[in-house]
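Here's the structure, in structure tokens; my notes come after.
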Amino acid sequence: MGAQLRVYKRRIRSVTATKKITKAMEMIAASRIVKAQRQVAASTPYATELTRAVTAVATGSTTRHPLTTEAEAPARAAVLLITSDRGLAGGYSSNAIKAAERLTERLRGEGKEVDTYIVGRKGVAYYGFRERKVSQSWTGFTDSPTYADAKQVAAPLIEAIQTETAEGGADELHIVFTEFVSMMTQSPVDNRMLPLSLEKVQESETSVASAAGGAKDQVLPLFDFEPSAEDVLDALLPRYVESRIYNALLQSAASEHAARRRAMKSATDNAGELIKSLSRLANAARQAEITQEISEIVGGSSALADATAGSDK
């Protein structure tokens, strides 16, 4: 029984050490969420206004441009998947990968070839293990992305959308990331970045204007472009893609920290419950050991008393 008690005590020490680690990781993730939320809040207005500017240029001109013009028969699509570099974040990366798999299956069902671009070691490992082709990948900055990282990721995607499909380019650009809704909710989403869907943007702006009391039939402004609408769109294209990717990276980082905090809190709580269970088993083992020792002492005392009584006779 002494050996069993030592086993329980060893396991309690091991689980206690693990609990300290998970608690520390929970606190670190919680502290990083606040910074990530501020970055998301700071980047969203810029992305929104840039999208509105692109929409204004596109609706005010008849120029055919890859930013706003859909191909007559799109044959190839580029998909950017954003995952994490580290684990211990619950189903954060796996949910994003599943969303990318569904999107890829849908695009292939439409007869399009799919080129996959990946951010994060988890996504790279997933595709590498299954020996699937990845056009390009980036790692090392998912928990704290910068605008320079977004520009690095956007460069090959912009080049692909500006290249003819026959030469390896893409007709569409999609992005799959995890949207930060709240501390408890993070949802994987897939959005088409290019070509920009002008109808959706106009509908959203119309609904906002109606909610604010504006007229339904608004008079659209007239624009003059210098040097030309095409040059303006060429200048806005990289800014638009970079801002959208940067915002998606920040949303994913905030979601990753929130998912890790929730996962580590669950692990800490489970460790506490396991320590309680092992402590009860250890106490039962110690009580059984004490009972056995008392029984042995009583039995030895009785045997000694009987032996003494026999010798006196």
Side-chain angles (χ1 to χ4, degrees), residues 47 50-51 54-55 58 63-83 93-120 122-139 142 149-179 187-201 203-204 233-234 236-249 251-252:
L50 187 56
T51 302
V54 172
T55 305
T63 303
R64 295 183 61 84
H65 193 274
L67 183 61
T68 57
T69 305
E70 296 193 25
E72 295 181 358
R76 184 184 295 271
V79 176
L80 174 63
L81 168 63
I82 300 179
T83 62
S93 292
S94 62
N95 290 336
I97 291 173
K98 289 177 183 178
E101 292 281 83
R102 291 192 295 268
L103 174 61
T104 301
E105 184 177 354
R106 176 167 59 83
L107 293 174
R108 288 175 177 168
E110 296 173 357
K112 303 171 186 175
E113 296 183 22
V114 178
D115 296 331
T116 304
Y117 299 79
I118 301 178
V119 174
K122 290 300 178 179
V124 173
Y126 177 88
Y127 279 76
F129 179 77
R130 289 158 180 79
E131 298 182 351
R132 297 182 183 178
K133 182 181 177 181
V134 176
S135 298
Q136 198 164 342
S137 62
W138 301 267
T139 59
T142 59
D149 298 323
K151 293 183 66 174
Q152 180 184 1
V153 174
L157 297 173
I158 296 172
E159 182 180 358
I161 203 69
Q162 291 177 331
T163 305
E164 295 293 335
T165 308
E167 300 176 2
D171 297 315
E172 298 178 356
L173 176 56
H174 299 259
I175 184 170
V176 179
F177 65 99
T178 305
E179 182 181 16
S187 304
V189 296
D190 62 270
N191 292 333
R192 192 182 76 172
M193 284 197 294
L194 295 175
L196 181 64
S197 180
L198 301 179
E199 291 79 5
K200 292 183 178 180
V201 176
E203 288 176 2
S204 63
L233 287 172
D234 286 338
L236 288 177
L237 174 60
R239 302 291 182 270
Y240 169 75
V241 176
E242 291 166 5
S243 65
R244 290 290 298 273
I245 292 178
Y246 182 52
N247 185 261
L249 288 172
Q251 294 259 10
S252 298

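Since we're looking at a predicted model, the values are computed, not measured. We're numbering straight along the sequence, starting at 1.
- When every heavy atom of V176 is checked against every heavy atom of A99, the shortest pair comes out as CG1-CB, 3.9 Å.
- Taking the side chain as every heavy atom from C-beta outward, L50 and L236 approach each other to under 4.5 Å.
- A distance of 10.0 Å separates CD1 in I82 from CD in Q251, rounded to the nearest 0.5 Å.
- The side-chain heavy atoms of L81 and L103, taken from C-beta on, include no pair separated by under 4.5 Å.
- Between the side chain of N191 and the main chain of I175, no donor-acceptor pair closer than 3.5 Å is present.
- Scanning both residues, A78 and L157, for their nearest heavy atoms gives CB-CD2, 4.4 Å.
- The structure places CG of D115 at 11.0 Å from CG of L107, a figure rounded to the nearest 0.5 Å.
- Judged by distance alone, the side chain of R76 and the main-chain N or O of G169 form a donor-acceptor pair under 3.5 Å.
- Across every non-hydrogen atom of P74 and D171, the tightest pair is CA-OD2, 3.4 Å.
- The closest side-chain heavy-atom distance from R239 to E242 is below 4.5 Å.
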query = Could you walk me through whether K122 and T142 pass the side-chain contact (heavy atoms from CB on, under 4.5 Å) check?
reply = CA-CA 11 Å; K122 290 300 178 179; T142 59; over 6 Å; no
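- Between R106 atom CZ and E110 atom CD the span is 5.5 Å, to the nearest 0.5 Å.
- In this structure, E101 places its CD atom where more than 12 heavy-atom neighbours from other residues, nucleotides or ligands lie under 6.0 Å away.
- At distances below 3.5 Å, at least one donor-acceptor pair connects side-chain atoms of R192 with backbone N or O atoms of P195.
- With rounding to the nearest 0.5 angstrom, the CG atom of D190 is 8.0 Å from the CZ atom of R102.
- The distance from atom NE2 of H174 to atom NZ of K112, rounded to the nearest 0.5 Å, is 5.5 Å.
- Annotation: side chain of V124 is not in contact with side chain of V134 (no heavy-atom distance under 4.5 Å).
- Checking D149, L173, L80 one by one against I245, the side-chain contact (heavy atoms from CB on, under 4.5 Å) holds for a single residue, L80.
- The OH atom of Y127 lies 4.5 Å from the OG1 atom of T116; values are rounded to the nearest 0.5 Å.
- Between I161 and M193 there is no side-chain heavy-atom pair separated by less than 4.5 Å.
- Within the 4.5 Å cutoff, side-chain heavy atoms of L194 are placed close to those of Y240.
- Counting heavy atoms from C-beta on, the side chains of T178 and N95 never come closer than 4.5 Å.
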